[in-house]
Amino acid sequence: MATPTDFQKTQSIEPQPSIKTTSWIVRFLYEFVRNPRLWFGIILLLFVIAAIFAPFVSPYPPLLYHPALSAQGPTLAHPLGTDGLGRDQLSRVIYGTRISLSVGITSILV
């Protein structure tokens with residue numbers, strides 16, 4: 001049976017970094033990277049917040065049409081582009097999220 005040398009004893013005495021001794025931010029980030037369910041939870045939370053605050057979050061009214069901007073690709077003014085009538089797609093997605101979430105909640109409650 002081998003006896004530990006002085007070098008092996010000093011290595012085992014040194015404190016090893018642990019997730020439990022770090023701050024809550026580091027633990028959260030570690031779990032966030034390790035667990036993809038947190039990613040989807042945060043994305044869902046962002047959709048819910050965007051749906052609740054849609055009038056304040058959306059850059060344009062969803063039904064406002066501008067024929068001169070019809071079928072425009074993504075730009076800084078319209079990050080998702082515009083549709084055939086010149087309506088902003090991002091605003092329409094944000095307002096559409098409200099409808100989708102209300103249908104999902106209603107079906108769960110029924």
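In this chain, residues are counted from 1 in sequence order.
Scanning all heavy atoms of the two residues, the minimum distance from Ala50 to Ile94 falls at O-CG2, 3.7 Å. Scanning both residues, Phe47 and Leu101, for their nearest heavy atoms gives O-CD1, 4.1 Å. Shortest non-hydrogen contact noted between Phe32 and Trp39 is O-NE1, 2.6 Å. For the pair Asp83 and Gln89, the tightest heavy-atom approach, listed with the atom from each and the gap, is CB-NE2, 3.0 Å.
Both Leu45 and Val93 belong to a common hydrophobic cluster when Ile, Leu, Val, Met, Phe, Trp and Tyr are linked at side-chain heavy-atom distances under 4.5 angstrom. Note on Val57: it does not cluster hydrophobically with Leu46, by side-chain heavy-atom contacts below 4.5 Å among ILVMFWY residues. Hydrophobic clustering (ILVMFWY, side-chain heavy atoms < 4.5 Å, transitive): Phe28 and Ile25 are in one cluster. Residues Val26 and Val33 do not share a hydrophobic cluster, defined by chaining ILVMFWY side chains whose heavy atoms lie under 4.5 Å apart.
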Worksheet item: Does the pair Leu64 and Arg87 meet the rule for a side-chain contact (heavy atoms from CB on, under 4.5 Å), with working shown?
Response: CA-CA 6 Å; Leu64 177 70; Arg87 298 176 292 195; over 6 Å; no
Fill in: Audit row: Arg92, Leu63, side-chain contact (heavy atoms from CB on, under 4.5 Å) steps and yes/no
CA-CA 8 Å; Arg92 295 179 61 79; Leu63 300 176; 3.9 Å; yes
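In this structure, OG1 in Thr75 is found 10.0 Å from CG in Leu80, a value given to the nearest 0.5 Å. Between Ile49 atom CD1 and Phe56 atom CZ the span is 14.0 Å, to the nearest 0.5 Å.
By the neighbour-count criterion of 12 heavy atoms within 6.0 Å, atom CG of Leu76 is sparsely surrounded, having that number or fewer from other residues, nucleotides or ligands. The number of heavy atoms from other shown groups lying within 6.0 Å of CZ (Phe53) does not exceed 12. With a 6.0 Å radius and a threshold of 12 heavy atoms from other residues, nucleotides or ligands, Tyr95 has its OH atom above the threshold.
Counting heavy atoms from C-beta outward, Ser91 and Pro61 have side chains that stay 4.5 Å or more apart. For the pair Leu90/Pro59, a side-chain contact is recorded, criterion being any heavy-atom separation below 4.5 Å from C-beta on.
Shown here are the ring-ring contact (aromatic ring centres under 6.0 Å, His included) partners of Tyr60, two or more places apart in sequence or in another chain: His78.
Put simply, the side chain of Thr82 gets close to the backbone of Leu69: a donor and an acceptor are under 3.5 Å apart.
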